[in-house]
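In what follows, a structure is listed as structure tokens, so that the remarks can point back to it.
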Protein chains: 2
Amino acid sequence: MNHIDAAQIMAADCLCFRARRTARAITRAYDAALHPTGLKATQITLMNAIALGQNSMQPVAKLGETLGLELSTLTRNLSVLERGGLVTVARALADRRVRIVSLTDTGKTRLAAALPHWKEAHTTITAALGSETTNALYTALDRATKALDVG
Amino acid sequence: MNHIDAAQIMAADCLCFRARRTARAITRAYDAALHPTGLKATQITLMNAIALGQNSMQPVAKLGETLGLELSTLTRNLSVLERGGLVTVARALADRRVRIVSLTDTGKTRLAAALPHWKEAHTTITAALGSETTNALYTALDRATKALDVG
DNA sequence: TTAAAATACTTGTATATACAAATATATCTT
DNA sequence: AAGATATATTTGTATATACAAGTATTTTAA
């Protein structure tokens, strides 16, 4: 097998490429729909995960696990939201190593205003995919995430 | 529907989050396997796309289309490879707006050395997923890419 | 034949991502 | 209680991504 053959096989088979390409396309579509909100899909995903905690608060480590994100990435993503006045981060009382992230009032308002746009993007995109492809994609993505979770 | 409900629906349903989370997990797995090569999955994907052209050359626009990447992103990704001596970029003779990207000899060598590691990563990961999930994921990702292609 | 429009990219600016190393705090061990 | 170890997170450094605006070149049209 010469290197051109290997290259053709990679181009045809690489799961990493395909997963990333699809994620890029989906992200562009969501981001376009979210443009009027001034927030990106990744940002409302993160804010939404915070909103699901008691009193719209979550420890950093829990967010990382929920989102499947490296903590170092999370720290950086949170600092963008913090700079924008959308979240605050404070040390936990019980264990001062732990940091608790909270949505500010502004953050809650902005998230609530963004969710209808998310819903619109979601409806448009799942309609473009069709229900069969949408369902197949959900199932396959979830199985892949589970399979790769433990490492 | 109050905002907590909406948040729960988004957490459960957001295709963008799921696609990105899976892409992150897959990328981490491939990158770990590629670590000894000094190249990342995104980089060998790009180099491989160049390698598929006549004489291992491709115009920038064609690469963007093949990879589903914004040209601005491609310019940046190519400059990393260029700095590393793996590719060169030159103006086309026929139309001097067009830039032709070529693998250098070093680039060809490094790519050829990396492909077995890619293959190993691919085998490990598809084994972890199982053939059924792997096939379902391929099919679903391809359909999604096609459906979102025209925008 | 030259001004306008189109094309093919690059640059400015900003966010997203992650590995490796560092820091801060807590827990455990002796 | 002091030192060793573990845990939770941040920082250093680097790549990946994309929108908007800019540049260079070619094509079109008057």
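Residue numbers start from 1 in every chain, and the chains themselves are labelled A, B, ... in the order their sequence lines are given, proteins ahead of strands.
- Residues meeting the side chain to side chain donor-acceptor pair (under 3.5 Å) test with A:Thr27, sequence neighbours left out: B:Arg20.
- Rounded to an integer number of Å, the gap from B:Asn77 CG to C:dT10 P is 12 Å.
- We find that CD1 of B:Ile100 is positioned 11 Å from P of C:dT10, with the value rounded to whole Å.
- Within residues 13-30 of chain A, the residues having any heavy atom closer than 4.0 Å to DNA chain D are, in order of number, A:Arg20, A:Arg24, A:Arg28.
- Look at NE2 on B:His35: it is 8 Å from C1' on C:dC19, rounded to the nearest Å.
- Once rounded to the nearest 0.5 Å, the distance linking OG1 of B:Thr106 with CG of B:Leu81 reads 12.5 Å.
- Within the 4.0 angstrom heavy-atom criterion, base atoms lie near B:Ser72.
- A distance of 10.5 Å separates CD of B:Glu70 from OG1 of B:Thr75, quoted to the nearest 0.5 Å.
- Between B:Arg76 and A:Arg91, the one whose closest nucleotide on DNA chain C sits nearer the 5' end is B:Arg76.
- Using a 4.0 Å heavy-atom distance criterion, B:Leu74 is classed as making no nucleic acid contact.
- B:Ser56 and B:Ser102 form no side-chain donor-acceptor contact under 3.5 Å, judged by distance and modelled atom types alone.
- Between atom CG of residue B:Leu63 and atom CG of residue B:Leu74 there is a gap of 5.5 Å, rounded to the nearest 0.5 Å.
- Between A:Val60 and A:Asp31, the residue whose closest nucleotide on DNA chain D is further toward the 5' end is A:Val60.
- The base of C:dC9 does not come close enough to the side chain of B:Thr75 for any donor and acceptor atom to sit less than 3.5 Å apart.
- Protein chain A touches strand DNA chain D; the 5'-most and 3'-most nucleotides with an atom under 4.0 angstrom of its non-hydrogen atoms are D:dA6 to D:dA20.
- Place B:Arg97 and B:Leu71 on DNA chain C by their nearest nucleotides, and B:Arg97 ends up nearer the 5' end.
- Taken to the nearest 0.5 Å, the OG1 atom of A:Thr37 stands 9.5 Å off from the CG atom of A:Leu111.
- Counting all heavy atoms, side chain and backbone alike, B:Val98 lies closest to B:Pro59 at CG1-CB, 4.0 Å.
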- Message: Determine whether A:Tyr30 and A:His122 satisfy the following criterion, side-chain contact (heavy atoms from CB on, under 4.5 Å), listing intermediate values before the conclusion.
- Response: CA-CA 7 Å; A:Tyr30 273 83; A:His122 181 75; 3.2 Å; yes
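- In this structure, B:Val80 and B:Thr73 both approach DNA chain D, and ranking their closest nucleotides by distance from the 5' end singles out B:Val80.
- Atoms CG (B:Asp95) and P (C:dC9) sit 8 Å apart, rounded to a whole Å.
- Exactly one residue among B:Arg99, B:Arg97, B:Arg91 makes a side-chain hydrogen bond (donor to acceptor under 3.5 Å, both in side chains) with B:Asp95. That residue is B:Arg97.
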